[in-house]
Amino acid sequence: MNSHKHNTSPISTLSFSSHYKYSLFATSLDLKRQRFTSPLLLIFLFLCLSFATSMAVSDSDSDSGPVVQTTPLVTFLQRVQLTALRSYSKKPDPKFYIDLSLKLPHDLSTAESAFDDLTTGSRDLSVPVEKLEKFVHEYFDDAGKDLVHHEPEDFVSDPTEFLLNVENDQVREWAREVHCLWRTLSCRVSDSVIESPDRHTLLPLPEPVIIPGSRFREVYYWDSYWVIKGLLTSKMFTTAKGLVTNLMSLVETYGYALNGARAYYTNRSQPPLLSSMVYEIYNVTKDEELVRKAIPVLLKEYEFWNSGKHKVVIRDASGNDHILSRYYAMWNMPRPESSVFDQESASGFSSTLEKQRFHRDIATAAESGCDFSTRWMRHPPNFTTMATTSVVPVDLNVFLLKMELDIAFMMEIAGDRKGSERFVKASEARKKAFETVFWNEKAAQWLDYWLSSNGDEPETWKAENQNNNVFASNFAPIWISSFHSGKTMSTCLFAHIY
Ligand SMILES: OC[C@H]1O[C@H](O[C@H]2O[C@H](CO)[C@@H](O)[C@H](O)[C@H]2O)[C@H](O)[C@@H](O)[C@@H]1O
């Protein structure tokens, strides 16, 4: 049992004014499309499908949570991916196949029918590697071809201004090399994506992008925060603003910033750091126009994280309700970019409901940006006990508290005093929730909270639901300087460590 005394945690020292002194820590795929030439077979198939459909509708044991459908191209590429994984003896990266784009003059239906011809007769869907490679080459452009190099206009190869501040020669040379990576990672979405989005899984974006590199050939939401911090150091303000414009366009289109700018990432977001990005840029550039543009977008994003399945209500012993948020992906199938892996991981579950719940918890872990941490496992390190949607995470709520303070700050700049006060109040309410739900005096940490129910209705706080394990995220509140400026925090932490 945790001792959860309602002593004041260091978070209570947080105030709006002190917030702005951050210290940063730093279809089953196996159902291959067959050509049924016999009318009897067609009738048989029709009857089977009708039966399966009626079963699905009456199956009260299937997961009823939200699902954002993906595109027909993604669904098809999952089949190609499965065949590739079954055909090569050394397993390729499944993401490569889901990143392919349809080559002109082919369209989806001609590619599908050529793929049917290729795989017909293969029981396990594997095919000779040479034949697969010929098919992929004929029907698809290489993964990554739909991103073209972009020379950032604000890049200076020898930025003396900040490099001269680095005294050590070796470190300065290393810093120069890191700075030069911007040119390697800078791209823009090709015109072909804008002209024919259905041929690509890459999503169109208005401004040039900075990608993480390696197998990640698209923009990622929370990576962009650190990218922007780096760009600001490199004095690349135009590029930094472009990244924010891209993320804002995703929020405007989808209602939230996607995990990444790919058609298979539309079912989830990532740690919400857009307001922090705008804040960092404003701090350096004092660009009020950016702030004014960002406010309505941030309000939309704020609503996403504080409504529907993302919102949870924890009731304290005095009957006060505390509103917090959790990660919750709008997906209950294998993640397309890793579908074979996810199917294998779920193979031990017998019911559809168990499999769907497991897949949602896996996709939700991806929404957390941390992927497969033992934080999300009911019985670590047993991967099949992933239950991410049942956790109220400390770090997510820190990001949201920061969003509240950032919005309040931005509204103040925009002259909206009332709006600003509303968000200060929202931050104070979340601060109280941190005290009640997360803070643990004995451990001197904020602990993740396990939900007892499905989180749809308010539930009463229980000390034993705090997760006693120590994770770096337990200390996420100290990201905001006033959380650790008080003596209480350092005293408690040192007492715990030594
Ligand atoms: O650096 C990009 C991101 O890389 C990891 O996650 C991404 O890859 C996962 C597996 O392909 C995918 O399921 C997830 O949705 C992607 O975001 C990393 O965990 C992320 O933190 C990081 O943003």
Side-chain angles (χ1 to χ4, degrees), residues 25-26 67-68 70 74 77-78 81-82 84-85 91-100 143-144 147 178 181-182 184-187 201-203 205 209-231 243 246-247 250 254 256-274 276-277 327-346 358-377 383 386 388-389 391 393 395-396 398-399 471-473 476 479:
F25 63 95
V67 170
V68 170
T70 183
V74 169
L77 289 172
Q78 278 182 263
Q81 181 196 67
L82 177 66
L85 280 150
K91 300 282 169 253
D93 179 357
K95 187 173 178 300
F96 171 85
Y97 292 92
I98 215 83
D99 290 355
L100 296 170
L147 270 179
V178 173
L181 286 176
W182 295 133
T184 316
L185 301 173
S186 166
C187 336
T201 62
L202 191 70
L203 297 175
L205 288 170
V209 301
I210 299 280
I211 55 168
S214 180
R215 66 193 287 264
F216 297 115
R217 315 166 185 93
E218 54 278 318
V219 161
Y220 281 81
Y221 180 14
W222 83 319
D223 298 44
S224 302
Y225 174 73
W226 288 280
V227 168
I228 285 173
K229 295 277 290 179
L231 288 169
L243 302 198
N246 287 336
L247 292 171
L250 292 174
Y254 297 93
Y256 44 95
L258 308 185
N259 178 145
R262 284 274 177 191
Y264 52 82
Y265 284 146
T266 55
N267 55 58
R268 58 183 182 260
S269 186
Q270 252 197 337
L273 287 167
L274 182 57
S276 295
M277 299 180 212
Y327 291 109
Y328 200 101
M330 296 166 285
W331 191 248
N332 62 5
M333 290 163 266
R335 292 165 303 147
E337 74 277 17
S338 277
S339 60
V340 177
F341 170 75
D342 286 2
Q343 278 184 67
E344 280 167 9
S345 305
F358 177 70
H359 288 312
R360 192 183 294 282
D361 282 316
I362 293 291
T364 301
E367 183 171 69
S368 81
C370 302
D371 292 7
F372 309 129
S373 164
T374 52
R375 258 179 102 186
W376 316 127
M377 298 173 196
F383 187 62
M386 291 284 287
T388 324
T389 54
V391 178
D395 50 355
L396 171 62
V398 167
F399 299 141
F471 304 109
S473 52
W479 180 33

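Atoms within each ligand, like the ligands themselves, are counted from 1 in listed order.
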Could you list the residues that satisfy side chain to side chain contact (heavy atoms under 4.5 Å, CB included) with Pro271, not counting sequence neighbours? Trp222, Tyr327, Phe399
Does the distance from a Lys or Arg side-chain N to an Asp or Glu carboxylate O, for Glu344 and Lys91, drop under 4.0 Å? no
Is a donor from one side chain sitting under 3.5 angstrom from an acceptor on the other, for Tyr264 and Asn259? no
So which residues, sorted by chain and number, lie with a heavy atom under 4.0 Å of ligand 1? Arg215, Phe216, Tyr220, Trp222, Asp223, Asn259, Tyr265, Arg268, Gln270, Arg335, Glu337, Ala366, Gly369, Asp371
Taking only residues two or more places apart in sequence, or in another chain, which ones meet Tyr256 in a ring-ring contact (aromatic ring centres under 6.0 Å, His included)? Phe304
List the residues meeting ring-ring contact (aromatic ring centres under 6.0 Å, His included) with Phe341, not counting sequence neighbours, and say none if there are none. none
Rounded to the nearest 0.5 Å, what separates atom CH2 in Trp479 from atom OG in Ser276? 3.5 Å
